[in-house]
S.K.: 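I have a structure here, written as structure tokens, and I will follow up with some questions on it.
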Number of protein chains: 2
Amino acid sequence: MIYFSQSDFNQMKRIERANLINSVSGLKPANLIGSISGRKKTNLAIFSSVIHLGSDPPLLAFNLRPSDEVPRHTLENILENGQYTINHVNNQIAEKAHFTSAKFGREISEFNACQLTEEYITGFEAPFVKESHIKLGMTFVESIPIKMNNTQLIIGRIEHVIVPKNMLGGENNLDLSLSQSVAISGLQTYYSVQKLAQYPYARPNQLPDFH
Amino acid sequence: MIYFSQSDFNQMKRIERANLINSVSGLKPANLIGSISGRKKTNLAIFSSVIHLGSDPPLLAFNLRPSDEVPRHTLENILENGQYTINHVNNQIAEKAHFTSAKFGREISEFNACQLTEEYITGFEAPFVKESHIKLGMTFVESIPIKMNNTQLIIGRIEHVIVPKNMLGGENNLDLSLSQSVAISGLQTYYSVQKLAQYPYARPNQLPDFH
């Protein structure tokens with residue numbers, strides 16, 4: 001076993017510390033966030049920080065680093081027109097999705113640079129990713145500043161869910177192994193998934209014989 | 001393809017809506033959060049909402065539902081002594097971890113009920129999960145209310161990281177397939193992972209030939 005504590009973090013190289021701390025929270029969802037500027041320039045960026053906030057109303061959030069550190073085209077677009085899409089990265093597009101994280105100029109669309117295809121639905125401006133299987137149309141709700149490290153939590157409401165029929169199971173459970181949705185750890189490692197088990201709703205008086 | 005929008009969400013049964021909306025954010029990390037009360041009663045609960053907030057300082061967060069909806073022993077304990085642990089769920093303990101979500105009374109420790117083993121390190125009060133491979137000792141930093149749906153974001157600082165030597169790769173990247181860390185979708189489905197690829201840091205002028 002290796003034990004790291006505060007003084008070890010402080011002595012690590014910047015990249016060693018970033019890798020370790022970005023890995024320890026566990027598997028992260030790989031999502032592409034699509035957006036469009038007022039001048040109709042599209043943008044696509046990979047995010048690993050999307051979380052479920054609640055089902056009624058249907059809210060998701062993601063975390064954004066300080067705007068002075070990296071250009072934040074995604075946020076600029078979201079604030080301009082209030083819309084964005086969240087698209088699951090799958091095994092087939094993991095490499096293309098990863099390279100959307102390169103710092104392209106504002107005039108370059110990552111859809112073109114990384115060979116992914118824009119897709120639109122009626123009445124919704126932001127671009128979806130055609131190659132993705134599970135796609136969400138979102139409207140911006142609120143940005144919550146996290147003062148402790150100068151990041152912000154971007155909260156959005158799910159307006160549209162687009163899923164292939166065969167990936168939707170009983171009681172609307174999505175099978176993320178059929179959609180070949182991908183998980184991330186750290187900054188550059190991608191994982192494919194296989195279904196391990198589906199357990200029943202947990203009740204204190206109905207515990208299984210654990211083995 | 002199936003297209004769901006707001007009016008469809010409204011017409012779904014509560015469980016269908018919860019399953020769908022809890023699945024669409026993508027794969028979620030399965031973590032057990034360990035805590036202890038002022039009277040030394042331990043508590044263990046599974047969470048799928050842990051996210052990375054930043055590496056310097058090393059911060060993670062998780063989302064908590066309204067306290068009037070379900071008893072929140074985890075939060076009570078965290079507020080009492082400021083400490084908690086985050087422990088990766090792995091393939092071997094997924095079933096036990098799932099059943100910590102049953103609504104046990106305050107006097108019952110999920111460590112006992114679900115046959116998981118408490119483990120302690122010197123100078124840190126909160127219990128770790130012995131069967132977990134990747135374990136974090138956390139101190140509470142701040143709770144941020146999310147008014148939109150009456151949840152809260154609990155932010156903590158990583159004080160200790162405990163990992164087996166063989167799971168720590170070059171530049172401190174953790175291999176979450178070696179730790180057999182598990183992902184969740186929806187409320188009850190668990191996935192095991194396999195490493196798909198590790199891509200280099202992305203630069204606009206060094207794009208691969210995508211295939």
Side-chain angles (χ1 to χ4, degrees), chain A residues 2-5 15-27 29 31 49-55 58-60 88 96 98-99 101-102 104 115 136 149 160-163 165 171-174 176 181 183 185-186 188-199 202-204 207 210, chain B residues 2-5 15-27 29 31 49-52 54-55 58-60 63 88 96 98-99 101-102 104 115 136 149 160-163 165 171-174 176 181 183 185-186 188-199 202-204 207 210:
Chain A
I2 302 182
Y3 292 77
F4 293 115
S5 61
I15 183 66
E16 290 173 344
R17 179 191 182 113
N19 285 336
L20 181 68
I21 303 299
N22 274 281
S23 304
V24 294
S25 62
L27 296 155
N31 283 301
S49 64
V50 173
I51 53 167
H52 170 88
L53 279 191
S55 298
L59 299 177
L60 304 182
H88 285 210
K96 294 175 178 182
H98 174 74
F99 280 91
S101 64
F104 297 103
Q115 300 175 23
L136 314 177
N149 67 350
H160 302 282
V161 174
I162 306 172
V163 293
K165 207 166 186 169
E171 294 190 316
N172 284 352
N173 273 302
L174 282 176
L176 300 189
S181 297
S185 81
Q188 40 197 108
T189 311
Y190 292 74
Y191 299 84
S192 61
V193 301
Q194 288 186 304
K195 203 190 264 197
L196 179 68
Q198 182 166 343
Y199 301 116
R203 293 186 170 83
L207 297 182
F210 297 117
Chain B
I2 302 183
Y3 293 76
F4 293 115
S5 61
I15 183 68
E16 290 172 344
R17 179 191 183 115
N19 285 336
L20 181 69
I21 304 299
N22 274 282
S23 304
V24 293
S25 63
L27 295 154
N31 284 302
S49 65
V50 173
I51 53 169
H52 170 87
S55 298
L59 298 178
L60 304 183
N63 185 243
H88 284 209
K96 294 175 177 180
H98 174 74
F99 280 91
S101 64
F104 296 103
Q115 302 176 24
L136 314 175
N149 68 349
H160 302 281
V161 174
I162 307 172
V163 293
K165 206 166 188 169
E171 295 190 316
N172 284 352
N173 273 302
L174 282 176
L176 300 190
S181 296
S185 80
Q188 41 197 101
T189 310
Y190 292 74
Y191 299 84
S192 60
V193 301
Q194 288 185 304
K195 203 190 264 197
L196 180 67
Q198 182 165 342
Y199 301 116
R203 292 187 172 82
L207 297 182
F210 295 117

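Chain letters run A, B, ... following the sequence lines, proteins first and then strands; every chain starts at 1. These numbers come from the heavy atoms of this one structure, side chains and all, not from hydrogens, waters or symmetry mates.
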S.K.: Go through the atoms of A:L136 and report whether side chain, backbone, both or neither lie under 4.5 Å from a heavy atom of chain B.
M.R.: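 The side chain, not the backbone.
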
S.K.: What part of A:N22 gets within 4.5 angstrom of chain B, counting heavy atoms only: side chain, backbone, both, or neither?
M.R.: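 Both backbone and side chain.
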
S.K.: Can you tell which part of A:L60 gets under 4.5 Å to a heavy atom of chain B, answering side chain, backbone, both or neither?
M.R.: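 Just the side chain, heavy atoms under 4.5 Å.
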
S.K.: With a 4.5 angstrom heavy-atom cut-off, is it the side chain or the backbone of B:N63 that approaches chain A, or both, or neither?
M.R.: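 Contact with chain A is through the side chain of B:N63 alone.
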
S.K.: First locate atom CD of A:Q194, then atom CG of A:L196, and finally report the distance between them rounded to the nearest 0.5 Å.
M.R.: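 Answer for the CD-CG pair, A:Q194 versus A:L196, is 9.5 Å.
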
S.K.: Is there a donor-acceptor contact under 3.5 Å from the side chain of A:Y191 to the main chain of B:L176?
M.R.: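 Such a contact is found between A:Y191 side chain and B:L176 backbone.
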
S.K.: Below 4.5 Å, heavy-atom pairs only: which of A:A18, A:A102, A:S5 has the largest tally toward chain B?
M.R.: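 Answer, by heavy-atom pair count under 4.5 Å with chain B: A:A102.
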
S.K.: Between B:S25 and A:H52, does a side-chain hydrogen bond (donor to acceptor under 3.5 Å, both in side chains) hold up when you go through it step by step?
M.R.: CA-CA 6 Å; B:S25 63; A:H52 170 88; 5.5 Å; no

S.K.: Answer yes or no: is there a side-chain heavy-atom contact under 4.5 Å between B:L27 and A:L27?
M.R.: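 Side chain of B:L27 against side chain of A:L27, heavy atoms only: no contact under 4.5 Å found.
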
S.K.: Tell me, please, which residues at least two apart from B:H160 pass ring pair (Phe, Tyr, Trp, His ring centres under 6.0 Å).
M.R.: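 With sequence neighbours excluded, B:H160 shows a ring pair (Phe, Tyr, Trp, His ring centres under 6.0 Å) to B:F124, given in chain and number order.
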
S.K.: What option among A:N173, A:V50, A:I51 has the most heavy-atom pairs under 4.5 Å with chain B?
M.R.: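 Most pairs with chain B among the choices: A:N173.
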
S.K.: Give the member of A:G26, A:S101, A:G186, A:S192 that has the highest number of heavy-atom pairs under 4.5 Å with chain B.
M.R.: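 Top count of heavy-atom pairs under 4.5 Å with chain B: A:S192.
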
S.K.: Looking at A:S49, A:G54, A:P58, which has the largest count of heavy-atom pairs under 4.5 Å with chain B?
M.R.: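 Highest number of pairs under 4.5 Å: A:P58.
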
S.K.: Checking heavy atoms, do the side chain of B:I2, its backbone, both or neither come under 4.5 Å from chain A?
M.R.: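 B:I2 touches chain A through backbone and side-chain heavy atoms alike.
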
S.K.: Can you tell me if B:N149 uses its side chain to pair, donor with acceptor, with the backbone of A:L53 under 3.5 Å?
M.R.: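 Yes.
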
S.K.: Do you know which of A:N31, A:N172, A:I15 has the most heavy-atom pairs under 4.5 Å to chain B?
M.R.: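 The option with the most such pairs is A:N172.
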
S.K.: So which of B:K165, B:R203, B:K195 has the largest heavy-atom pair count under 4.5 angstrom toward chain A?
M.R.: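 Heavy-atom pairs under 4.5 Å are most numerous for B:K195.
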
S.K.: Just to verify, what does B:H98 make a ring pair (Phe, Tyr, Trp, His ring centres under 6.0 Å) with, not counting sequence neighbours?
M.R.: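 Applying ring pair (Phe, Tyr, Trp, His ring centres under 6.0 Å) to B:H98 gives A:Y199, B:Y190.
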
S.K.: In Å and rounded to the nearest 0.5 Å, what is the CG to NE2 distance from A:L174 to A:H88?
M.R.: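 Rounded to the nearest 0.5 Å, the CG-NE2 separation comes to 7.0 Å.
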
